[in-house]
Amino acid sequence: MDYKLESELKLKADEATGKTFKEIDKFGRLDKNTKGQLGHVIEESLFGYAINSTAGADFVDLNVELKVTPVKLNKNKTFSSKERLVLNIINYMTEPFLEFEASSFWTKNQKLLIMFYLWLPEKSRGDYPILKNILYTYPEEDLEIIKNDWNKIVGKIREGKAHELSEGDTLYLGACTKGVNKSSLREQPASDIKAMQRAFSLKTSYMTSLVRKELNHEELVSFATIGQLKEKTLEELLEEKFAPYSGKSLEQMAKSLKLSINPENKSAVPNVISALLGIKGTHLSKIEEFSKANIQFKTIRLEPNGVPKEHMSFENIDFQEWLDNDWEINIMYRRFEKTKFLFVIFEYNEAYKKGKKRTLYFKGIKLWNMPLKTIETDVKSVWEEVTRVLTEGVKLESIKWGKGVKQKNNLPGATYNQVVHIRPKARDGQDKTYLPDGQMITKQCYWLDKAYIAEIVK
DNA sequence: GCATGATCATGC
DNA sequence: GCATGATCATGC
């Protein structure tokens with residue numbers, strides 16, 4: 001069955017809205033436990049065509065590709081995309097020799113029929129309801145960013161670095177791993193090193209923004225205009241917007257932005273950032289480009305010697321979850337592989353001295369994501385060590401400390417390697433969490449080493 | 001001066 | 001009440 005008009009296609013797709021897959025399935029496909037079956041149910045039973053995996057679009061005449069994708073409901077009633085939207089597999093041997101307009105990504109995925117269904121953790125697949133469908137084309141601004149992303153991906157393949165591709169490299173369009181296991185290796189044109197098979201994908205953060213727009217009617221605020229994006233990359237635009245404030249204190253920055261702040265206030269830096277981006281008063285989480293690209297901002301305070309006084313902390317560790325899951329599910333892997341960091345760098349005017357007030361001066365920004373190599377070596381080795389220690393049982397000992405005692409552990413600390421380590425982060429000594437063996441430990445989190453941070457922002 | 005564990009402050 | 005960002009304090 002084929003569709004000549006988008007309106008026809010849309011009408012057919014709308015028939016599924018509100019129904020569960022069980023109600024749609026005519027061929028008992030849900031009984032078989034095969035991958036991608038939910039998409040297949042829609043293809044066969046709703047649209048009535050044979051399953052294909054050819055390079056052409058699903059609806060040939062309209063050049064529309066069908067995507068059936070899960071969303072989940074958060075505790076606070078907002079929706080999130082459960083996954084990235086996986087598009088076509090990247091052929092390392094052909095894609096880098098094409099122009100964007102002729103690329104496999106663009107020819108196959110320029111128009112998508114996206115059907116969102118609600119993933120329910122306690123139910124079986126047949127009971128998931130379809131919430132909504134949209135015929136999606138990329139907003140002009142997004143497309144500029146996506147083109148840059150595509151260029152970055154193929155650029156890396158051209159340089160013989162297909163094996164170093166990571167989702168954190170790009171903003172909206174990612175190169176996600178796609179393969180049964182680590183043996184799904186493919187050859188690449190400019191290197192003898194085999195690379196993991198990867199597919200183009202719209203990042204989870206991008207999909208979540210789309211889901212919230214469509215299902216929560218959430219509006220985001222963007223700082224980059226289409227005119228600017230046609231001239232420059234998002235990175236360049238950011239650099240440009242921050243550049244005039246180099247050497248200024250936070251107060252001076254605020255003053256020239258006509259913004260009143262209390263520098264002691266926790267939201268002073270974020271407030272200055274949104275004002276400086278031309279969208280005063282916008283919470284950073286509502287900035288469209290940051291939200292879609294999963295850009296997380298972090299303030300860095302350098303000492304006059306260029307090194308921060310403290311390591312950088314992240315979220316607390318759930319040790320049971322840590323031990324229950326593989327490396328690819330691990331919080332550190334996920335955080336560093338998916339997150340683009342916007343480091344907003346300040347430097348103190350004088351060396352630390354107890355009781356002395358110092359002033360911070362803005363130095364610049366750095367848009368950074370951890371290289372895959374580092375994730376797969378240093379970060380992974382910390383994961384392995386923690387996993388080993390957890391499996392054997394953490395050795396806790398109480399030692400005298402000042403007037404009280406402190407609890408020592410044998411998790412990999414700051415000397416383990418120069419990138420990541422594990423250290424306590426809690427309210428106080430009573431703020432504890434369970435270890436898998438039932439012992440209690442002061443809440444711990446993972447930290448980025450300050451010397452490593454200094455190296456990044458140098 | 002650094003490693004290491006402890007703890008504070010704020011905002012949701 | 002807790003997560004998060006930030007910082008303090010001791011001891012080698």
Side-chain angles (χ1 to χ4, degrees), chain A residues 74-78 250 261-274 281-286 290 295-319 321 331-332 334-335 339 341-348 350-360 382 385-386 389 394-435 439-455:
Chain A
N74 303 313
K75 285 196 186 104
N76 65 4
K77 302 287 174 204
T78 61
L250 197 63
I261 56 152
N262 171 7
E264 310 296 321
N265 196 304
K266 210 171 179 174
S267 51
V269 176
N271 287 348
V272 167
I273 295 175
S274 56
T282 305
H283 194 272
L284 295 193
S285 66
K286 301 286 183 225
F290 289 5
I295 293 174
Q296 189 191 353
F297 116 91
K298 288 268 190 188
T299 310
I300 293 178
R301 295 167 174 78
L302 300 175
E303 291 297 314
N305 67 1
V307 183
K309 188 163 155 288
E310 304 287 342
H311 305 296
M312 181 186 283
S313 71
F314 289 83
E315 56 272 78
N316 273 71
I317 295 170
D318 179 334
F319 289 104
E321 185 183 291
I331 181 73
M332 294 195 301
R334 297 211 148 194
R335 163 72 58 224
T339 313
F341 292 98
L342 174 66
F343 291 142
V344 180
I345 308 153
F346 293 87
E347 192 170 275
Y348 282 111
E350 54 189 312
Y352 173 79
K353 214 172 142 197
K354 204 176 157 180
K356 183 134 197 223
K357 256 210 150 70
R358 301 184 291 166
T359 311
L360 277 171
V382 170
E385 177 62 7
V386 172
V389 172
V394 179
K395 291 196 180 72
L396 296 171
E397 55 179 309
S398 296
I399 50 173
K400 208 171 145 293
W401 191 65
K403 286 173 189 140
V405 280
K406 67 177 184 179
Q407 185 193 51
K408 200 175 149 43
N409 68 60
N410 62 335
L411 292 163
T415 46
Y416 189 77
N417 69 28
Q418 272 53 251
V419 178
V420 183
H421 63 267
I422 309 296
R423 253 179 50 240
K425 185 172 73 165
R427 203 162 46 255
D428 55 42
Q430 309 314 309
D431 194 16
K432 296 187 178 208
T433 187
Y434 279 105
L435 287 163
Q439 297 187 91
M440 299 289 279
I441 189 172
T442 313
K443 285 183 180 169
Q444 310 274 321
C445 81
Y446 56 101
W447 302 70
L448 266 193
D449 194 284
K450 58 188 182 182
Y452 181 62
I453 293 166
E455 200 58 36

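- Nearer the 5' end of DNA chain C, as judged by each residue's closest nucleotide, is the contact made by A/R423, out of A/G402 and A/R423.
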Step by step, work out the side-chain hydrogen bond (donor to acceptor under 3.5 Å, both in side chains) result for A/Q407 and A/S398.
CA-CA 4 Å; A/Q407 185 193 51; A/S398 296; over 6 Å; no
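- In terms of position along DNA chain B, the nucleotide closest to A/W447 lies nearer the 5' end than the nucleotide closest to the other residue of the pair A/K266 and A/W447.
- In this structure, A/K450 reaches neither bases nor backbone, as no heavy-atom distance under 4.0 Å exists between it and the strands shown.
- Mapping heavy-atom proximity under 4.0 Å, the span of DNA chain C touched by chain A runs 5' to 3' from C/dA3 to C/dG11.
- In this structure the side chain of A/F290 never reaches within 4.5 angstrom of the side chain of A/S285, judged on heavy atoms.
- Within the nucleic acid shown, A/D431 has no heavy atom closer than 4.0 Å to any nucleic acid atom.
- Within 4.0 Å of A/Q296, counting heavy atoms only, lie sugar-phosphate atoms of the nucleic acid but no base atom.
- Counting non-hydrogen atoms under 4.0 angstrom, A/K408 reaches the backbone sugars and phosphates but no base.
- Checked options A/E397, A/E385, A/K395; the residue passing with A/N410 is A/K395 (criterion: side-chain contact (heavy atoms from CB on, under 4.5 Å)).
- The aromatic rings of A/F314 and A/Y446 sit parallel to each other, their planes meeting at less than 30°, with 60° as the upper class boundary.
- Here A/S267 lies out of heavy-atom contact (under 4.0 Å) with every strand.
- Checked options A/V394, A/L411, A/L435; the residue passing with A/Q444 is A/L411 (criterion: side-chain contact (heavy atoms from CB on, under 4.5 Å)).
- Residues A/E310 and A/M312 are not in side-chain contact: their nearest non-hydrogen atoms beyond the backbone lie 4.5 Å or more apart.
- Comparing A/R427 and A/Y416 by the nucleotide of DNA chain B whose heavy atom lies nearest to each, the residue mapping closer to the 5' end is A/Y416.
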